[in-house]
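Quick note on labels: first sequence line is chain A, next is B, and so on, each numbered from 1.
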Amino acid sequence: MEYIKNGGDILLKTPDLDLDETLDCGQAFRWERIGSGSDCTYRGFMLNTPLTVSAEKDYFRFHDTDEETFQKVWIPYFDLETDYTEIKERLSEDGTLAKACAYAGGIRLLRQDSWEALCSFIISQNNNIPRIKGIIGRLCDMYSGFPGFEQMKGIVPDDLAPLRAGFRAKYITDCIEKLNSGKIVIDEVKKLPVDEARKILMTIKGVGPKVADCALLYGMYRIDCVPMDVWMKRVMEQFYPEGFPEFVLPYAGIAQQYLFHYMRTEISK
DNA sequence: TTCCAGGCGTATC
DNA sequence: GATACGCATGGA
């Protein structure tokens, strides 16, 4: 990973990054492709830090970005200090994973804000990706950006009616209550062993094993967590009836990224 | 019209 | 602990 300043932009050279694969694979819901065809440009946010980013010939262009923001926000967000080449090499000892890594090797795990990830994946349950994006977009419209849970203190499900989140509205308000009352402190949850962290997250209404694992994987970078949604259940049933091989387990969450995308877009069609 | 979507709560056994 | 069913909403 190396970068240079170019006017107000930053140009980044890095392997193992594809913006379409990474920003539009169902791990984050606030990136919009504003370029069409070969103009691969996305507009989105890390919490409320905005970014326009383009894939150009030999580098990625981070538009209107100062070096401090790039280092503090975007390097961690895009997980640029992790060597995905090495991870993919290791995972590719397994035949199915070798195919999945080759199919979409530009997927990276985005290190998202913990609260945004938790809230987003509560909304995701029994829902499809376009509609998840719609609900989160309306939430951001309501608050002029992605609101902090402190900002939403005291709201009741009816207050969220404009989101058209359906039965999930009461889950969001329960989550907000538990965070604001201090029943759950995200920074404490982050430090716990995964099993304990999962248990605590699951005390929130509407947070079961899958949503908890998404919050852990995408919001707290617990890369051994594998959210078991309908697609991953199909993957496991078809390719890993005995579970993942031992050597995959430390990176199972990243393996899941490749396999989820592979199953959802290639095998099932 | 019916089915399904990055599931979960509840009832029942 | 396992299984069945309802749930808001909207696109296919």
**Report entry** Salt bridge present between E2(A) and K13(A) (N-O < 4.0 angstrom)
**Finding:** no
Query raised in the report: Pick the nucleotide of DNA chain B nearest each of P227(A) and G206(A); which residue has the one closer to the 5' end?
Result: P227(A)
Query - dG11(C) to dC8(B) separation - P atoms, rounded to the nearest Å - result: 24 Å
**Report entry** Salt-bridge present (R108(A), D79(A); N to O < 4.0 Å)
**Finding:** no
Query raised in the report: What is the nucleic acid contact for G26(A), judged by heavy atoms within less than 4.0 Å: base, sugar-phosphate only, or nothing?
Result: base
Requested in this report: Could you list the residues that satisfy side chain to side chain contact (heavy atoms under 4.5 Å, CB included) with T69(A), not counting sequence neighbours?
Outcome: T49(A), T65(A), D66(A), V73(A), W74(A)
Requested in this report: For dG6(B) versus dA4(C), give the span between their C1' atoms, rounded off to a whole number of Å.
Outcome: 22 Å
Report task. Please tell me which of I204(A) and Q256(A) maps to the more 5' nucleotide of DNA chain B, matching each residue to the nucleotide holding its nearest heavy atom. Result -> Q256(A)
Query raised in the report: Under 4.0 angstrom, heavy atoms only, what part of the nucleic acid is K170(A) near: base, sugar-phosphate, or nothing?
Result: sugar-phosphate
Query raised in the report: Is the shortest distance from a Lys or Arg side-chain nitrogen in D20(A) or R33(A) to a carboxylate oxygen in the other one below 4.0 Å?
Result: yes
Query - Identified side-chain contact (heavy atoms from CB on, under 4.5 Å) partner of F149(A) from the options I155(A), N180(A), L118(A) - result: N180(A)
Query raised in the report: Could you give the start and end, 5' to 3', of the contact zone on DNA chain B for chain A, using atoms under 4.0 Å from its heavy atoms?
Result: dA5(B) to dG9(B)
Query raised in the report: Taking the same atom, C1', in dG9(B) and in dG10(C), what whole-Å distance lies between them?
Result: 23 Å
Report summary line: To the nearest 0.5 Å, atom CG of D229(A) lies from atom CZ of F121(A) at 9.5 Å
Query raised in the report: Salt-bridged, K190(A) to D187(A), with N to O below 4.0 Å?
Result: yes
**Report entry** Sugar-phosphate only, base, or nothing, as touched by F260(A) at under 4.0 Å among non-hydrogen atoms
**Finding:** base
Query raised in the report: OG of S54(A) to CG of D9(A): how many Å apart, nearest 0.5 Å?
Result: 8.5 Å
Heteroatom pairs (N/O) under 3.5 angstrom, protein to nucleotides 9-12 of chain C:
residue	atom	partner	partner atom	Å
dT9(C)	O4'	R131(A)	NH2	3.1
dT9(C)	O2	R131(A)	NH1	3.4
dG10(C)	OP1	R164(A)	NH1	2.7

Requested in this report: Give P130(A) one of three labels, base, sugar-phosphate or nothing, depending on what nucleic acid heavy atoms sit under 4.0 Å from its own.
Outcome: nothing
Query - K199(A) side, atom NZ; L201(A) side, atom CG - distance, nearest 0.5 Å - result: 12.5 Å
Query raised in the report: Which is true for F29(A) with a 4.0 Å heavy-atom rule: it touches a base, it touches only sugar-phosphate, or it touches nothing?
Result: nothing
